[in-house]
Amino acid sequence: MTTDSDVNKRIMLINGANLNLLGSRDPGIYGTETLDDIVDSARNQAEELGLELRHFQSNSEGEIVDAIARSRGNSGGIIVNAGAFSHYSWAIHDALGAFPGPIIELHLSNPGAREEFRTKSVITPVATAVISGLKARGYPLAVRAIAPLMAS
Ligand code: DQA
């Protein structure tokens, strides 16, 4: 049986489009760490705090919407780097809006300092907080940031 206290100790980390290519994709912008490296560092940070971190990556918008819906009642908080979906996916916006816990929107780069199309995020209005521009360091930082926001 899954109890509320189990749920509130579980973070769902979601990575969206093209983040499977980390390490080889524009390393000057996104850094040299691979997705596995980044997930490991986030998971290690979660475990140090006595939390469990689950991870899901997809290049498909619908799969991300489904993963967010599955997080309802299963995870106490969501950390999400939706990649380019951040800039236009109202479906992901709506899915996150229906999630009851804290949400950290995360970006490796600082999209606000890049091309015009990246300066708007449709996820920000439903996020509790945003972390961007710190490359891989943002991931364990997001775990530390969300931990005290999750109900105990
Ligand atoms: C990104 C920024 C987005 O603009 C871009 O489309 C990505 C990655 C980031 O982590 O900096 O794929 O979300």
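Just follow the structure's listing: the first ligand is 1, and inside any ligand the first atom is 1.
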Given 3.5 Å as the limit, does a donor-acceptor pair link the side chain of [X] with the main chain of [Y], or not?
| X | Y | value |
| --- | --- | --- |
| Gln57 | Gly16 | yes |
| Ser24 | Leu21 | yes |
| Thr128 | Ile103 | yes |
| Ser121 | Ile123 | yes |

Which is it for His107 and ligand 1 at heavy atoms under 4.0 Å: side chain, backbone, both or neither?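 The answer is both.
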
Quick one: nearest non-hydrogen protein atom to atom 9 (C) of ligand 1, plus distance?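 In this structure, atom 9 (C) of ligand 1 has Leu108 N, 3.4 Å as its nearest protein heavy atom.
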
Could you check atom 5 (C) of ligand 1 against the protein and tell me its nearest heavy-atom contact, residue, atom and distance included?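 Of every protein heavy atom, Arg118 NH1, 3.2 Å lies nearest to atom 5 (C) of ligand 1.
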
May I ask you to check whether [X] has an N/O atom sitting below 3.5 Å from an N/O atom of ligand 1?
| X | result |
| --- | --- |
| Arg114 | no |
| Ala84 | yes |
| Ser86 | no |
| Leu19 | no |

With His55, the side-chain hydrogen bond (donor to acceptor under 3.5 Å, both in side chains) member among Asn15, Asp40, Asp36: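 The option that passes is Asn15.
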
Under 4.0 Å from a heavy atom of [X]: give me the atoms of ligand 1 that qualify, with their elements.
| X | value |
| --- | --- |
| Asn81 | 1 (C), 9 (C), 10 (O), 13 (O) |
| Ser109 | 2 (C), 9 (C), 11 (O) |
| Tyr30 | 5 (C), 7 (C), 8 (C), 9 (C), 11 (O) |

Look at atom 7 (C) of ligand 1 and find which of Gly138, Pro111, Gly83, Gly31 reaches it with the closest heavy atom.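 Nearest option to atom 7 (C) of ligand 1, by heavy atoms: Gly83.
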
Compare Arg25, Lys135, Glu105, His87 and give the one whose heavy atom is closest to atom 4 (O) of ligand 1.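 Selected option, by shortest heavy-atom distance: His87.
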
Under the 6.0 Å and 45° cation-pi test, does Arg43 pair with Tyr139?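 No, Arg43 and Tyr139 do not form such a contact.
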
Is there a heavy atom in Phe85 that sits closer than 4.0 Å to ligand 1?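 It does not, in that no heavy atom of Phe85 comes within the 4.0 Å cut-off of ligand 1.
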
Are any of the heavy atoms in Asn18 under 4.0 Å away from ligand 1?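 Checking ligand 1 against Asn18, which is what was asked, there is no heavy-atom contact under 4.0 Å.
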
Could you tell me whether Arg72 atom CZ has more than 12 heavy atoms of other residues or ligands within 6.0 Å of it?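 Not buried by this count: 12 neighbours or fewer within 6.0 Å.
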
Could you walk me through whether Glu116 and Arg118 pass the salt bridge (Lys or Arg N to Asp or Glu O under 4.0 Å) check? CA-CA 5 Å; Glu116 176 69 24; Arg118 295 186 205 275; over 6 Å; no

Indicate the ring-plane relationship of His87 and Phe117, choosing parallel, tilted or perpendicular according to the 30° and 60° boundaries.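 Ring orientation of His87 relative to Phe117: perpendicular.
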
